Amino acid sequence: MKVAVVGYPNAGKSTLVNRLAGVREAVTHEQPGATRDRKEIETEWNGRRITLIDTGGVDLAAPDSLSRSVQDQAREAIADADVILHVVDARAGLGPGDAEIASMLRAAPAPVLVVANKMDGGPGKEHLLAELHSLGLGEPFPVSATHGLGTGDLLDRIVELAPPPEEDAEADDRPRIAILGRPNVGKSSLLNALLGSQRTIVSAEAGTTRDAIDTELTWEGRELVLIDTAGIRRRSKIAGTVDYYAQLRAERAASRSDVAILLCDASVGITSEDLRIGDLAMKSGCATLVGLNKWDIVELDLDDAKARLRQRLRQRPPVITCSAEQGRNLEKLLPKALELADRRASRLRTSELNRFLADAVAKNPPPAKRGRRLRTYYVAQVEEAPPRFAIQVNDRQLINRDWAYYLENALREAWGLDGVPLILDFVPRQRSRAA
Ligand code: GDP
Ligand code: GDP
């Protein structure tokens with residue numbers, strides 16, 4: 001769900017956004033020298049993911065004071081939002097631009113909430129709210145961003161106002177495969193090649209988020225949805241912000257996909273930007289497959305590239321070399337992606353998992369600290385897609401990163417889970433009350 005935060009400069013938008021996001025700030029973007037650019041922060045409230053879009057000090061009412069592109073971004077944020085917060089400094093009262101902002105927001109497609117900020121407490125402040133009614137946007141919602149007063153209630157209200165989460169995507173069990181990659185690696189070429197050889201395309205419709213095109217297709221009898229982030233970029237290019245938007249789009253596409261085909265340009269090699277996208281795919285819970293594209297124009301040292309990917313991407317994605325232009329190896333990509341989708345959704349038997357754990361512990365004993373050794377008692381898979389495991393231990397303090405990674409990779413190796421993100425929770429063993 002997207003929440004656009006607009007208002008006159010100094011109303012306390014940034015303070016409020018930071019407060020609403022708590023410490024769970026995931027995506028921030030601040031272009032140097034462009035503090036008025038929009039900034040997005042992800043947070044979660046009652047199980048809903050919320051993207052707070054801080055439009056900075058955008059004064060929508062003063063067309064000449066800011067560059068068009070900044071204004072366009074604010075409008076884009078508003079057009080895109082599920083809920084809009086109009087933040088007003090309630091102590092200062094309405095500013096010169098507030099009425100104009102409000103009149104623009106009355107035409108906005110999403111519900112608008114007037115947030116009366118800087119209501120820091122103390123008696124007799126109610127009169128401050130009265131004036132804000134005149135904006136014609138309903139009951140103002142009092143908060144104090146700096147003191148955190150009313151912000152939990154505000155989040156409740158936002159969730160109430162937002163449209164219910166899309167059930168369709170949940171009910172739809174077709175594997176969703178995103179094609180991700182830096183600009184120019186060949187994503188559009190790949191998509192065209194894949195679709196060109198297909199006569200079974202059901203429909204191509206714009207994705208709900210307008211960040212990507214979702215294409216339904218049937219591949220060897222199996223229905224799937226391809227999520228493509230390539231096509232849109234060219235249409236809505238905003239100078240200087242391409243990388244940022246590309247990154248955001250990749251992130252959103254990954255968050256609603258099961259598998260990411262991370263396309264890389266073999267003529268350039270594996271770049272840090274490629275790795276970053278691979279990382280975000282994993283963090284979104286996507287299984288990852290690397291397509292080393294443009295294999296026709298250069299023969300990169302494949303072992304080298306594979307080693308780098310294995311070393312740098314924790315999910316250890318399988319690698320397929322291909323050429324979108326020459327159609328080489330493309331027939332392997334989707335079957336591999338479907339295989340990864342299945343493995344990501346798999347459920348491992350508890351008995352086998354526990355045999356595996358005993359084995360893994362025997363092969364590489366867990367770490368010890370000050371004479372105390374980590375003991376593992378029991379493991380079970382608690383979730384799938386992506387797989388999540390709970391491992392009972394005597395003392396979580398004794399775990400170190402190396403051993404946790406060792407276990408994760410051993411798990412991957414034992415069940416062919418290369419490319420699949422795995423979540424391992426180490427939980428302290430509960431003492432038996434009966435004893
Ligand atoms: P923005 O320009 O709308 O993003 O505003 P900022 O978040 O930068 O805040 C502007 C100023 O108002 C800063 O000095 C904040 O510390 C202050 N401020 C923000 N929220 C509150 C609040 O709830 N109470 C008080 N007293 N000051 C606040
Ligand atoms: P996107 O930005 O990731 O969608 O990349 P495009 O599909 O637009 O491709 C960028 C450029 O790379 C274009 O000039 C393509 O013709 C070229 N390209 C794409 N795939 C291949 C390939 O497999 N081999 C070669 N030699 N060029 C390719």
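Whatever order the structure lists them in is the order used to number ligands and atoms, beginning at 1. Here the structure is a predicted model, which means the values were calculated and not measured. Atoms considered below: every heavy atom in the structure, side chains included; atoms not considered: hydrogens, waters and symmetry mates. One is the number of the first residue; the rest follow in order along the sequence.
- In terms of polar-atom proximity, defined here as any N/O pair under 3.5 Å, L16 makes no such contact with ligand 1.
- Under 4.0 Å is where a charged nitrogen must lie from a carboxylate oxygen, and between D418 and R343 no such pair does.
- In summary, the atoms of ligand 1 found under 4.0 Å from a heavy atom of K13, numbered by their order in the structure, are 1 (P), 2 (O), 3 (O), 4 (O), 5 (O), 7 (O).
- A salt bridge links D89 and K118; the closest N-O separation between the charged side-chain nitrogens and carboxylate oxygens is under 4.0 Å.
- With N184, I179, D228 as candidates, the residue nearest to atom 2 (O) of ligand 2 on a non-hydrogen basis is N184.
- Closest of all the heavy-atom pairs between N364 and W403 is O-NE1, 2.8 Å.
- Taking every non-hydrogen atom of R91 and a distance limit under 4.0 Å, the qualifying atoms of ligand 1 come out as 26 (N).
- The CG atom of L417 lies 5.5 Å from the OG atom of S346; values are rounded to the nearest 0.5 Å.
- The shortest N or O to N or O distance between C322 and ligand 2 is not below 3.5 Å.
- Residue contact check: V185 has heavy atoms under 4.0 Å from atoms 3 (O), 5 (O) of ligand 2.
- Between the side chain of R412 and the backbone N or O of L407 there is no donor-acceptor pair closer than 3.5 Å.
- Between A11 and ligand 1, a contact under 3.5 Å exists for at least one N or O pair.
- Around atom CZ of R347, more than 12 heavy atoms belonging to other residues, nucleotides or ligands sit under 6.0 Å away.
- The shortest separation from a heavy atom of P183 to ligand 2 is under 4.0 Å, placing the residue in contact.
- Remark: ligand 2 and I297 share no N or O pair separated by less than 3.5 Å (distance only, no angle test).
- Distances between N or O atoms of A145 and those of ligand 1 include at least one value under 3.5 Å.
- By the criterion of a heavy-atom distance under 4.0 Å, both the backbone and the side chain of T15 are placed next to ligand 1.
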Pair K294-E325, salt bridge (Lys or Arg N to Asp or Glu O under 4.0 Å): steps then yes or no: CA-CA 7 Å; K294 310 198 189 179; E325 208 143 275; over 6 Å; no
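- Aromatic ring orientation, F356 versus W415: perpendicular (interplanar angle above 60°, classes split at 30° and 60°).
- We find that R314 and D279 are not joined by a salt bridge, their nearest charged nitrogen and carboxylate oxygen being 4.0 Å or further apart.
- Under a 4.0 angstrom heavy-atom cut-off, R328 registers as lying outside contact with ligand 2.
- For atom 1 (P) of ligand 2, the choice among R182, E325, K187, K294 with the nearest heavy atom turns out to be K187.
- At least one donor-acceptor pair under 3.5 Å links the side chain of D301 to the backbone N or O of D304.
- The number of heavy atoms from other shown groups lying within 6.0 Å of CZ (R106) is above 12.
- At a heavy-atom distance under 4.0 Å, only side-chain atoms of D296, from C-beta outward, approach ligand 2.
- At a heavy-atom cutoff of 4.0 Å, ligand 2 is contacted by the side chain of N293 but not by its backbone.
- When the heavy atoms of V87, V5, N117 are ranked by distance to atom 20 (N) of ligand 1, first place goes to N117.
- Contacts of Q326 with ligand 2, taken as heavy-atom pairs under 4.0 Å, are absent altogether.
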